[in-house]
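So that the names make sense, note that chain A is the first sequence line, chain B the second, and so on, each numbered from 1.
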Amino acid sequence: MHRVLLLHMSARTRSPCFRLALNSGSIFARERVEFPSPAEVGQKLRVNWRVAETYEKRGRHYQRIAIAIDAEDGTPIIRREVHDTFFFSEGSDPA
Amino acid sequence: MNNGTEGSAIRLETPAAGDLFEGPVRRLTLARMLAFSGGSFDSPRWPQANLHTDAGKAREFGLASIIASGTQSEGILLGLMVSLFGRDWHRKGVLDAKMTSSVYVNDTIQAKARLESRDVKPEGEHFVLEVWCENGHGEKIIVGQAEATLDLSN
């Protein structure tokens, strides 16, 4: 399976817990991703998202999110550390 | 190591530090962006309205027009890695990538990689590459580093 499909399906926006503040958006800034095992078509996978860190850099808010994709038997398929930044439309409150 | 892609500049059988590998030039059409970021095709709300699919959403946040998902551009870079390393990329590939610029509808993207080092280790032949994607103006939209280990027992 092409790895970008797995990256796409494990984006932070896919987490059922993901919510953005009103009038805000987020941008994928950088990541480190490891591919320890292949995934096959038809295989069931589990994704876990964890906000590992929040920080500010040059006046912008960032989150570092640790993302793990595992097969049902626990085989690691993908390990990601994704950094996202946030932006806000006019009149919104980033605090 | 495979022979790269149709865009590769050189043979990769005996790569040396400094060698440049190039993927094919891809055009990120609106259709491709909707297919990638519009959600499930069978959804009655397809395409989902977001920064990558809807001009109004993009304008809400001060963007002149929709921009491609960074992951979509990253996928083009991953395609070059798969072309170079085959299944070994799926087993031992590592990518560290930073998005440096936005990609707009009908921009072209080409993935490139320059070999920094190759070493034989107990687990196989280990490669480190500087990697990036360029748009049609030669601007880098992704920069980073990739590592892969070829299993020499195959």
Side-chain angles (χ1 to χ4, degrees), chain A residues 1-14 18-41 43 45 47 57-58 60-62 64-65 67 69 71 75-92 94, chain B residues 32 35-40 48-52 54 56-63 66-83 85-103 111 123 131 141-149:
Chain A
M1 185 182 300
H2 197 302
R3 302 308 238 175
V4 77
L5 290 177
L6 299 177
L7 298 184
H8 193 36
M9 296 308 292
S10 63
R12 76 282 187 202
T13 53
R14 302 279 180 166
F18 182 83
R19 297 287 186 279
L20 280 169
L22 188 64
N23 297 323
S24 69
S26 67
I27 291 180
F28 172 38
R30 67 174 301 163
E31 79 165 317
R32 177 180 170 82
V33 55
E34 299 181 12
F35 303 106
S37 311
E40 308 295 339
V41 173
Q43 195 173 11
L45 305 172
V47 186
K57 188 176 174 183
R58 296 192 201 99
R60 301 191 76 154
H61 300 265
Y62 284 84
R64 176 168 61 87
I65 303 176
I67 302 169
I69 304 179
T75 301
I77 304 296
I78 281 182
R79 293 289 182 269
R80 308 176 70 182
E81 290 251 331
V82 176
H83 297 250
D84 298 313
T85 186
F86 298 86
F87 59 96
F88 305 89
S89 61
E90 199 170 325
S92 64
Chain B
R32 279 184 162 164
F36 192 84
S37 298
S40 300
Q48 293 174 1
N50 57 52
L51 294 175
H52 311 304
D54 184 86
K57 283 282 183 187
R59 280 194 297 271
E60 282 180 28
F61 295 98
L63 300 172
I66 63 174
I67 58 173
S69 161
T71 306
Q72 187 163 16
S73 304
E74 193 180 15
I76 292 171
L77 186 53
L78 291 175
L80 176 60
M81 295 298 102
V82 172
S83 296
F85 298 105
R87 277 187 75 82
D88 285 323
W89 174 258
H90 296 286
R91 297 181 190 282
K92 293 170 182 168
V94 178
L95 175 67
D96 197 335
K98 180 179 180 183
M99 313 296 131
T100 53
S101 188
S102 298
V103 175
E123 63 271 25
V131 295
I141 56 161
I142 298 176
V143 297
Q145 188 178 67
E147 295 181 46
T149 302

Side-chain contact test, heavy atoms from C-beta onward, threshold under 4.5 Å: evaluate it for L78(B) versus L7(A) and give yes or no.
yes
Supply the atom-to-atom distance [X] [atom1] to [Y] [atom2], rounded to the nearest 0.5 angstrom.
X      : Y      : atom1 : atom2 : answer
N50(B) : T13(A) : CG    : OG1   : 8.5 Å
E81(A) : D96(B) : CD    : CG    : 10.0 Å
H90(B) : L6(A)  : NE2   : CG    : 9.5 Å

Tell me whether R59(B) at atom CZ has more than 12 heavy atoms from other residues, nucleotides or ligands lying less than 6.0 Å away.
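At most 12 heavy atoms, drawn from other residues, nucleotides or ligands, come within 6.0 Å of this atom.
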H8(A) side chain vs T71(B) backbone, donor-acceptor pair below 3.5 Å
no
Let's test your reading of the structure: which of K98(B), E74(B), K92(B) forms the most heavy-atom pairs below 4.5 Å with chain A?
E74(B)
With sequence neighbours left out, write down each residue that passes side chain to side chain contact (heavy atoms under 4.5 Å, CB included) with L20(A), or none if nothing qualifies.
F18(A), S24(A), S26(A), F86(A)
If one checks every heavy atom of L51(B) against chain A at 4.5 Å, the contacting part turns out to be side chain
With a cut-off of 3.5 Å and sequence neighbours excluded, list every side-chain donor-acceptor pair involving residues 31-40 of chain A.
residue	atom	partner	partner atom	Å
E31(A)	OE1	R80(A)	NE	2.8
E31(A)	OE1	R80(A)	NH2	3.2
E31(A)	OE2	R80(A)	NH2	3.2
S37(A)	OG	P76(A)	O	2.8

